[in-house]
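Everything on this sheet refers to the single structure shown next.
In what follows, every chain begins at residue 1, and chains take the letters A, B, ... in the order their sequences are listed. Quick caveat, the model's predicted, so the values are computed rather than measured.
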There are 2 protein chains.
Amino acid sequence: MSKKREQLLNVAEQLFYDYGFHGVGLKQIIQEANVATMTLYNHFSSKDKLVEESIRHREERYWAYMGKVDQHTDIPFVTLAEQHGHFLKDVSPQGCMFLRAIEVYAETNPEIAQIARDHKAKLLRFFEELGESIGIKEHKDFSYQFLLILEGATSMTQITDSEQATAHAITMTKRLLETYH
Amino acid sequence: MSKKREQLLNVAEQLFYDYGFHGVGLKQIIQEANVATMTLYNHFSSKDKLVEESIRHREERYWAYMGKVDQHTDIPFVTLAEQHGHFLKDVSPQGCMFLRAIEVYAETNPEIAQIARDHKAKLLRFFEELGESIGIKEHKDFSYQFLLILEGATSMTQITDSEQATAHAITMTKRLLETYH
DNA sequence: GTTTAGATAGAACGTTCATTCTATTTTAAA
DNA sequence: TTTAAAATAGAATGAACGTTCTATCTAAAC
């Protein structure tokens with residue numbers, strides 16, 4: 001993978017997250033990435049394509065936190081809640097970039113919105129399969145409610161702080177496990 | 001209150017919600033509200049002021065759902081979860097406008113971000129006082145987790161649908177009440 | 001009937017936007 | 001060392017942006 005391309009994706013992901021997809025111009029991205037205009041257009045055919053790739057880029061970062069959890073522990077879901085909390089603290093203290101993409105592009109660029117939706121669907125399926133594999137009763141309901149807790153923690157991070165949000169999410173996850181185990 | 005002003009606020013709130021604050025131009029708002037450019041500027045001194053008032057406008061609509069709940073019931077929190085669900089279905093099926101305002105304006109217009117934050121703080125305080133008044137143990141923890149459930153339901157509405165999200169939120173609220181009652 | 005305030009349409013302003021073009025320079029492989 | 005590809009700075013384009021201006025018109029209030 002090209003070095004310039006990587007720089008562009010890192011800068012774009014950060015700026016899009018901080019100021020919103022429509023709140024950042026390509027000029028700013030180009031400047032902060034130390035890249036020429038045509039370098040951007042050689043790697044990405046349009047701003048919307050750059051948005052697309054930025055979302056995929058963040059998806060990989062999220063799975064770097066969640067995908068490596070040891071699934072053979074007794075309590076992988078508590079660890080997953082903790083990892084989600086680390087992601088909130090390190091990367092995503094101001095809400096969820098995927099949900100924002102759905103909001104902003106649902107009506108204007110369905111392709112982008114779908115990428116974000118697919119990510120959430122994949123996450124839910126991941127929880128369902130993991131829940132089933134460790135013998136959780138009604139693993140579909142359990143997974144839905146577990147994801148609801150994580151999404152709630154993401155939002156609460158915007159209102160209070162990630163530590164508090166994560167601590168409560170972990171408490172709630174433990175109670176959820178008691179209910180469905 | 002002026003009729004034109006009300007038209008502007010209704011249209012602006014809807015368009016800002018559907019396409020994002022930066023995704024809508026004043027031209028579109030003016031056209032859909034059937035109003036002249038200068039009429040908008042006579043009522044609101046800038047686009048940012050219109051954004052501000054649109055957020056306050058939506059705040060009133062939210063309290064119209066949540067503020068009228070009979071607080072002398074045994075189970076006002078279940079009713080509040082239901083009302084939140086109605087708000088999601090009727091008004092807010094695509095995420096939370098207040099959180100989006102915080103995200104987009106945190107760095108560029110702190111005044112707008114603060115209005116949205118104040119709304120969430122007020123909501124949390126409302127739950128805390130209500131929880132204390134009906135004798136809930138550790139009413140602060142309870143209220144935080146209740147709000148986390150509602151925020152989670154708002155996000156899950158974007159991923160699945162409001163009916164499913166609300167049903168799970170009510171189930172979780174009932175369990176939360178068992179824990180803290 | 002006259003006055004006063006508000007609303008109208010639409011042009012104009014200066015800025016920013018995404019995108020394209022050009023011409024030069026750097027980089028890396030052959 | 002030659003060659004081809006990639007990256008550069010920066011100007012040019014046309015559209016959209018928020019905002020202001022102008023000049024006409026409507027509608028009550030006196």
Interatomic distance where CD1 belongs to Ile29(A) and P belongs to dT19(C) [whole Å]: 11 Å
Ring pair (Phe, Tyr, Trp, His ring centres under 6.0 Å) assessment of His139(B) paired with Tyr180(B): CA-CA 8 Å; His139(B) 63 276; Tyr180(B) 284 100; over 10 Å; no
Residue Thr39(B), side-chain heavy atoms: nucleotide from dA7(D), dT19(D), dA7(C) that is nearest: dA7(C)
Rounded distance in Å - CG (Asn42(B)) to P (dT19(D)): 14 Å
Residue Met38(B), side-chain atoms from C-beta onward, closest of dT22(D), dA7(C), dA9(D): dT22(D)
Side chain of Thr37(A) (C-beta onward), nearest among dT19(C), dT19(D), dT8(D): dT19(C)
Value in whole Å for how far the C1' atom of dT27(C) lies from NZ of Lys4(A): 11 Å
Nearest-neighbour nucleotide for the Lys47(B) side chain, dT20(D), dA7(D), dT19(D) considered: dT19(D)
Full working for ring pair (Phe, Tyr, Trp, His ring centres under 6.0 Å) between His86(B) and Tyr65(B): CA-CA 8 Å; His86(B) 288 138; Tyr65(B) 282 78; 7.3 Å; no
Under-4.0 Å salt bridge between Glu178(B) and Arg175(B): no
Ala36(B) side chain, from C-beta outward: closest of dT8(D), dA9(C), dG18(D): dA9(C)
Sugar-phosphate, base or nothing in reach of Asp48(A), heavy atoms under 4.0 Å: nothing
Per His43(A) side chain, nearest of listed nucleotides dA7(D), dT20(C), dG18(D): dA7(D)
Whole angstrom value for the distance that separates C1' of dT8(C) from CG of Leu8(B): 14 Å
Nearest-angstrom distance from the residue atom NZ of Lys49(A) to P of dT19(C): 12 Å
Pair Glu132(A) + Lys137(A): basic N to acidic O under 4.0 Å: no
Rounded distance (Å) that lies between atom P of dA7(D) and atom CD of Glu6(A): 14 Å
Length of the line joining Ile30(B):CD1 and dG10(C):C1', which is rounded to integer Å: 11 Å
Side-chain touch Phe127(B)/Met66(B), heavy atoms, less than 4.5 angstrom: yes
Separation of dA12(C) C1' from Tyr41(B) OH (nearest whole Å): 14 Å
